[in-house]
There are 2 protein chains.
Amino acid sequence: MKLTRRKLEIVSTAAKLFRKKGYNSVSMRDLAQALDIKAASLYNHISSKQEILAIIILEVAENFTEHINTVFPESINSVEKLESVIENHIQITVEKTDALACLNNDWMHLEQSDLESYLVMRNAYEAKMRSIIEQGIQQKQLQDRNVDLVLFSLLSTLRTLHLWYSKNKETSPQLMFEEMKQNLLHGIIR
Amino acid sequence: MKLTRRKLEIVSTAAKLFRKKGYNSVSMRDLAQALDIKAASLYNHISSKQEILAIIILEVAENFTEHINTVFPESINSVEKLESVIENHIQITVEKTDALACLNNDWMHLEQSDLESYLVMRNAYEAKMRSIIEQGIQQKQLQDRNVDLVLFSLLSTLRTLHLWYSKNKETSPQLMFEEMKQNLLHGIIR
DNA sequence: ATTTTAAACTAACAATCGTTAGTTTTGTTA
DNA sequence: TAACAAAACTAACGATTGTTAGTTTAAAAT
């Protein structure tokens with residue numbers, strides 16, 4: 001099924017609802033009501049509830065994948081690569097808040113090939129991030145620490161930044177970027 | 001209803017299932033099957049599915065509340081208070097992994113007075129944490145940054161550490177503590 | 001003006017949901 | 001061993017779930 005204008009409205013409304021209550025707590029009747037139509041009418045545009053979830057999540061996942069794939073091979077140092085990753089996370093947080101929240105909360109409700117696609121992308125993303133960190137340690141730009149825990153410390157904050165942003169929408173991406181760069185890379189101690 | 005031995009078995013089995021699939025994706029029949037009984041038999045021990053969720057979440061929330069209430073008034077400096085908070089998060093992550101994940105993922109499915117209780121505790125917790133950070137900045141132990149973003153950077157990682165731990169159960173709490181203290185407080189840059 | 005297409009509708013389906021009522025089995029106490 | 005309590009069972013309820021079939025309305029193209 002093609003992605004028409006109306007279908008995009010349905011998907012983005014779904015993302016908003018999924019974010020608030022979770023995929024399994026939003027019924028097709030809930031979604032229809034939010035669009036002021038009947039549940040059955042949704043099926044003129046989409047083939048299943050699952051399809052909606054897959055569209056929402058895979059699009060964001062592809063955004064992340066594309067970015068890491070361009071940054072990873074660049075001839076800049078590890079810290080600069082990490083800064084670029086932070087910037088990208090903030091941009092997606094700001095521009096696709098709802099979809100990002102869905103990805104974080106409901107990816108495990110994807111099924112079959114969509115779930116597999118997502119996991120492949122996520123694993124590849126983390127592998128490249130780990131590799132950037134390892135390089136940074138080797139080149140003495142980063143402290144010599146447990147790589148997996150460094151990776152987790154970074155990603156856990158970046159992935160859930162939408163929780164903060166949704167309560168602070170007036171904050172400029174630029175300020176978020178500067179502050180998060182400091183917090184994540186330089187720590188908080190004076 | 002009292003918390004008998006059997007009831008605790010039900011609650012902890014539920015926590016395990018809720019963590020994997022989410023509250024609304026686990027049916028009472030799923031839970032019963034995991035315990036090798038029929039769904040109706042559960043109601044000899046618990047009064048509702050909601051009660052199970054409330055028991056799981058509120059117990060962990062009270063653990064966090066108790067700890068911050070003892071650390072907050074102590075006459076130690078802000079950095080030492082933050083270290084104690086980090087230590088507590090790690091301890092709860094290790095000892096109550098499933099329940100902590102439930103709290104993170106499913107608190108919004110609490111209802112009425114239980115939801116209210118949870119939010120009161122969470123707000124109080126964050127307020128005390130914010131106050132510790134503010135004090136640290138005043139006393140020049142912490143860098144002068146956006147307090148809310150510092151708070152979020154710390155809590156986002158600490159709250160989701162269970163995701164990392166569940167894939168790295170062999171790691172000692174002591175090592176986790178030392179590494180996370182470094183990552184969160186001192187940053188990762190050399 | 002007529003045909004075609006897009007997008008809504010009503011009505012209903014089989015499945016699953018949390019839960020209740022009433023009964024039987026199991027294990028402990030008198 | 002009889003009596004009692006705890007914990008399982010079967011059967012069923014009303015509500016809600018995602019989805020389908022068939023129909024009507026509204027807009028666009030001929």
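Lettering of chains follows the sequences in order, A, B, ..., and the numbering in each one begins at 1. Not measured: the values here are computed from a predicted model.
For the pair A:Glu59 and A:Lys96, the tightest heavy-atom approach, listed with the atom from each and the gap, is OE2-NZ, 3.1 Å.
If you check C:dA21, D:dT17, C:dT10 against the side chain of B:Ala40, the one that comes closest is C:dA21. Here the nucleotide nearest the side chain of B:Ile37, chosen from D:dA8, D:dG18, C:dT19, is D:dA8. Relative to the side chain of A:Arg29, the nucleotides D:dT19, C:dA8, D:dA8 differ in distance, and D:dT19 lies closest.
Taking 4.0 angstrom as the limit, A:Lys38 places none of its side-chain polar atoms (N or O) nearer than this to OP1 or OP2 of C:dA8. For the pair A:Ser27 and D:dT16, the criterion of a side-chain N or O lying under 4.0 Å from OP1 or OP2 is not met. Contact annotation: B:Ser41 does not reach the phosphate of D:dA7 (side-chain N/O to OP1 or OP2, under 4.0 Å). Side-chain N/O atoms of A:His45 include none lying less than 4.0 angstrom from OP1 or OP2 on C:dA6.
Nucleic acid contact for A:Ser48: sugar-phosphate only, since backbone atoms but no base atoms lie under 4.0 Å from a heavy atom of the residue.
Atoms CZ (A:Arg6) and P (C:dA7) sit 8 Å apart, rounded to a whole Å. Following rounding to the nearest Å, B:Lys7 (NZ) and D:dA6 (P) show an atom-to-atom distance of 14 Å. Atom CG of B:Leu31 is separated from atom P of C:dT16 by 18 Å (rounded to the nearest Å). The NZ atom of A:Lys49 sits 8 Å away from the C1' atom of D:dT17 (whole-angstrom rounding). Rounding to whole angstrom units, CG of residue B:Leu42 and C1' of C:dT20 are separated by 14 Å. Atom CG of A:Asp36 is separated from atom C1' of C:dA7 by 14 Å (rounded to the nearest Å). Across the protein-nucleic acid pair, A:Met28 atom CE and C:dA14 atom C1' stand 17 Å apart, rounded to whole Å. The nearest whole Å value for the distance from the CG atom in A:Asn24 to the C1' atom in D:dT16 is 13 Å.
Among B:Val71, B:Leu154, B:Leu184, the single residue meeting the side chain to side chain contact (heavy atoms under 4.5 Å, CB included) criterion with B:Leu82 is B:Leu154.
The side-chain tip of A:Lys49 points at the ring of A:Tyr23 from less than 6.0 angstrom away and within 45° of straight on.
Using a cut-off of 4.0 Å between Lys/Arg side-chain N and Asp/Glu carboxylate O, A:Glu134 and A:Lys128 are scored as not salt-bridged.
Applying the 3.5 Å distance criterion, the base of C:dA6 shares no donor-acceptor pair with the side chain of A:Asn44.
The environment of CD in A:Glu74 is crowded: more than 12 heavy-atom neighbours from other residues, nucleotides or ligands sit within 6.0 Å.
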